[in-house]
Amino acid sequence: MKKLSVDAKIALVREVGEEIVGEEELRKLFESKAHPIAYDGFEPSGNIHIAQGLLRAINVNKLTSTGIKFRFWVADWFGLLNNKMGGDLAKIRIVGEYFIEVWKACGMDMDNVEFIWTSEFVREHPEYWETVLKLSMNTTVNRVLRCGQIMGREESTGNPASQIMYPLMQAADIHHLGADIAQLGMDQRKVNMLARDIFPKLGFVPPIVVSHHMLMGLGEPKAAEGLNSVDRKIEIKMSKSKPDTAIFMTDSKEDVSRKFKKAFCPAGKVEDNPVLEYMKYIVFERFDSVKILRSEKFGGDLEFGCYKDLESAFVKGKIHPLDLKDCCAEYIDKLLVPVREHFEKDKKAKGLMEQVRGFAVTR
RNA sequence: CUCCCUGUAGCUCAGUGGUAGAGCAGUCGGCUGUAACCCGAUGUGUCCCAGUUCGAUUCUGGGUGGGGAGACCA
């Protein structure tokens with residue numbers, strides 16, 4: 001691996017982080033450690049879409065290229081707490097294995113990624129609970145409840161006490177995983193901030209928080225009036241509960257093009273344009289040059305070497321939304337080909353996929 | 001453990017002793033070289049069981065799920 005300067009490393013982290021809290025600490029971290037630890041956690045649940053698959057891999061690889069080692073927290077117990085897969089731990093574990101296979105297949109830098117299962121880790125580290133209790137003593141019920149959005153729950157009848165446990169446990173994760181950096185999505189920032197606030201009281205080092213962008217869903221972003229920018233992003237993010245506005249890692253080519261065909265894509269507009277967004281965050285991250293195929297009737301083929309050029313051409317009306325859609329679908333599909341192949345050829349992976357497909361999706 | 005309230009379409013809710021509606025969402029079609037907007041179409045749902053009744057979603061009882069309060073400590 002070629003040596004990067006601290007500035008170059010920080011620049012890469014900035015590419016991943018839509019928000020970085022503690023940038024000065026990040027500089028010191030890179031100056032003092034060759035291999036800082038970053039963590040991300042995920043609840044295994046049902047299908048895995050490209051924001052969790054492709055985008056996650058892109059971000060992880062950027063960070064590991066700076067020397068960062070990633071710890072992936074396979075949050076099986078959290079999934080249980082959040083009633084994923086009907087609260088069936090056995091199913092949750094199978095889905096967790098399935099997710100890992102997807103990342104293997106889509107090019108994640110597995111040499112610098114370690115997967116740690118919550119249920120196993122906690123069993124081996126009972127001191128984890130002491131941290132949970134101490135955290136609970138240093139914050140308020142209101143503050144913990146305000147972290148509720150990290151559980152991604154929409155409406156719910158009743159307020160399970162798990163809503164208290166979950167954020168406290170997640171904060172404890174950061175410490176016990178030895179994470180210097182909490183590298184989760186913007187939807188997880190509230191717990192990370194909670195951890196930054198409380199950790200000093202317990203004598204722990206507060207994490208640097210690098211929050212990545214939440215890829216929006218393919219539908220028209222609605223119902224977003226009156227929300228602040230973070231809440232809005234969470235509201236319009238890609239969600240497996242709206243299957244036609246999310247591209248899944250194991251979707252067929254036909255699924256991909258059908259979904260893009262239905263996608264919201266206002267001509268010449270950059271804001272709230274999911275297709276353009278996927279071009280930026282995924283396609284141009286993985287391809288040096290992108291070709292838009294058009295018949296002579298519409299002006300012939302176009303080629304772009306970077307996202308900015310494509311964006312300005314689109315804004316000027318030089319690219320029709322339908323051509324952009326077809327192009328984006330084509331390139332995303334190219335990225336899914338190896339995933340499909342893996343799940344076709346690898347027996348273990350194939351078995352996992354079939355089991356996951358057999359599970360009724362709870363939420 | 002006791003009492004009160006409550007359970008109707010994916011969501012928010014109407015409604016009637018004679019086999020159920022609205023808004024939003026969704027799906028489909030039309031319009032545009034995409035989608036959206038707009039227009040049109042589209043709802044195999046009354047928590048479960050028993051009873052009363054010619055007939056219950058509507059009444060009664062039990063069960064179960066949800067919410068609230070009380071009781072023990074005083």
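Letters A, B, ... mirror the listed sequences (proteins, then strands); counts begin at 1. Because only heavy atoms are used, hydrogens play no part in the values below, and waters and symmetry mates are left out as well, while side chains stay in. These figures come from a predicted structure and were not determined experimentally.
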>> Say we look at B/A20 and B/G63: how far apart would their P atoms be, to the nearest angstrom?
In response: 30 Å
> How long is the line joining CG of A/L324 and C1' of B/G33, in whole Å?
Replying inline: 14 Å
> Using the P atom in both, what is the distance from B/C13 to B/G68, to the nearest Å?
Replying inline: 16 Å
> What integer number of Å spans the C1' atoms of B/U12 and B/U8?
Replying inline: 12 Å
> Starting at the 5' end of RNA chain B and moving along, which residue's nearest nucleotide shows up first, A/R294 or A/D244?
Replying inline: A/D244
>> Distance check, P atoms only: B/G21 and B/U46, in whole angstrom units.
In response: 14 Å
> How is A/K262 classified with respect to the nucleic acid when contacts are heavy atoms under 4.0 Å: base, sugar-phosphate, or nothing?
Replying inline: sugar-phosphate
> Which whole-number value in Å describes the distance from A/F260 CZ to B/A36 P?
Replying inline: 16 Å
>> For A/H213 and A/Y281, take the angle between the two ring planes, folded into 0 to 90°, and tell me which bin it lands in: parallel under 30, tilted 30 to 60, perpendicular over 60.
In response: parallel
> Using atom C1' of each nucleotide, how far apart are B/A41 and B/U52 to the nearest Å?
Replying inline: 43 Å
>> Under 3.5 Å for both donor-acceptor distances, Watson-Crick or wobble: does B/U46 have a partner, and if so which one?
In response: none
> Is the aromatic ring of A/F298 within stacking range of B/G33, meaning centres under 5.5 angstrom and planes under 30 degrees?
Replying inline: yes
> For atom C1', what is the distance between B/A14 and B/G43, given to the nearest Å?
Replying inline: 16 Å
> Taking any strand in view, what nucleotide pairs with B/G70 in a Watson-Crick or G-U wobble way, both distances under 3.5 Å?
Replying inline: B/C1
> For B/G23, what is the paired nucleotide under Watson-Crick or G-U wobble rules, both distances under 3.5 Å?
Replying inline: B/C11
> Between B/C59 and B/G15, how far is it from one P atom to the other, in whole Å?
Replying inline: 13 Å
> Quick one: are A/I58 and A/I282 in side-chain contact, heavy atoms under 4.5 Å?
Replying inline: yes
>> Nearest whole Å is fine: how far is B/A25 P from A/E220 CD?
In response: 10 Å
> Across the strands shown, which category fits A/D323 at heavy-atom distances under 4.0 angstrom: base, sugar-phosphate, nothing?
Replying inline: base
> Rounded to whole angstrom units, what separation is found between the CZ atom of A/F264 and the C1' atom of B/C37?
Replying inline: 9 Å
>> Tell me whether the side-chain N or O atoms of A/K261 pair up with the base of B/U34 as donor and acceptor below 3.5 Å, since no angle test is needed here.
In response: no
> Under a 4.0 Å N-O cut-off, is there an ion pair linking A/K280 with A/E311?
Replying inline: no
> In the structure shown, which nucleotide is the Watson-Crick or G-U wobble counterpart of B/C28, with both distances under 3.5 Å?
Replying inline: B/G40
> Given A/R294 and A/D301, is the salt bridge (charged side-chain N to carboxylate O under 4.0 Å, His left out) satisfied, shown in steps?
Replying inline: CA-CA 5 Å; A/R294 295 192 302 193; A/D301 298 353; over 6 Å; no
> What is the pairing partner of B/G65, taking Watson-Crick or G-U wobble pairs with both distances under 3.5 Å in any strand?
Replying inline: B/U6
>> If you define the side chain from C-beta out and look only at heavy atoms, does anything of A/D180 sit under 4.5 Å from A/P207?
In response: no
> Quick one: do the A/N61 and A/T64 side chains pair a donor with an acceptor below 3.5 Å?
Replying inline: no
>> I need the NZ-C1' distance between A/K242 and B/G10, as an integer number of Å.
In response: 12 Å
> What integer number of Å spans the C1' atoms of B/U57 and B/A9?
Replying inline: 14 Å
> In whole angstroms, how far is the P atom of B/C11 from the CD atom of A/E235?
Replying inline: 16 Å
> Atom CZ of A/F314 to atom C1' of B/G33: distance rounded to whole Å?
Replying inline: 13 Å
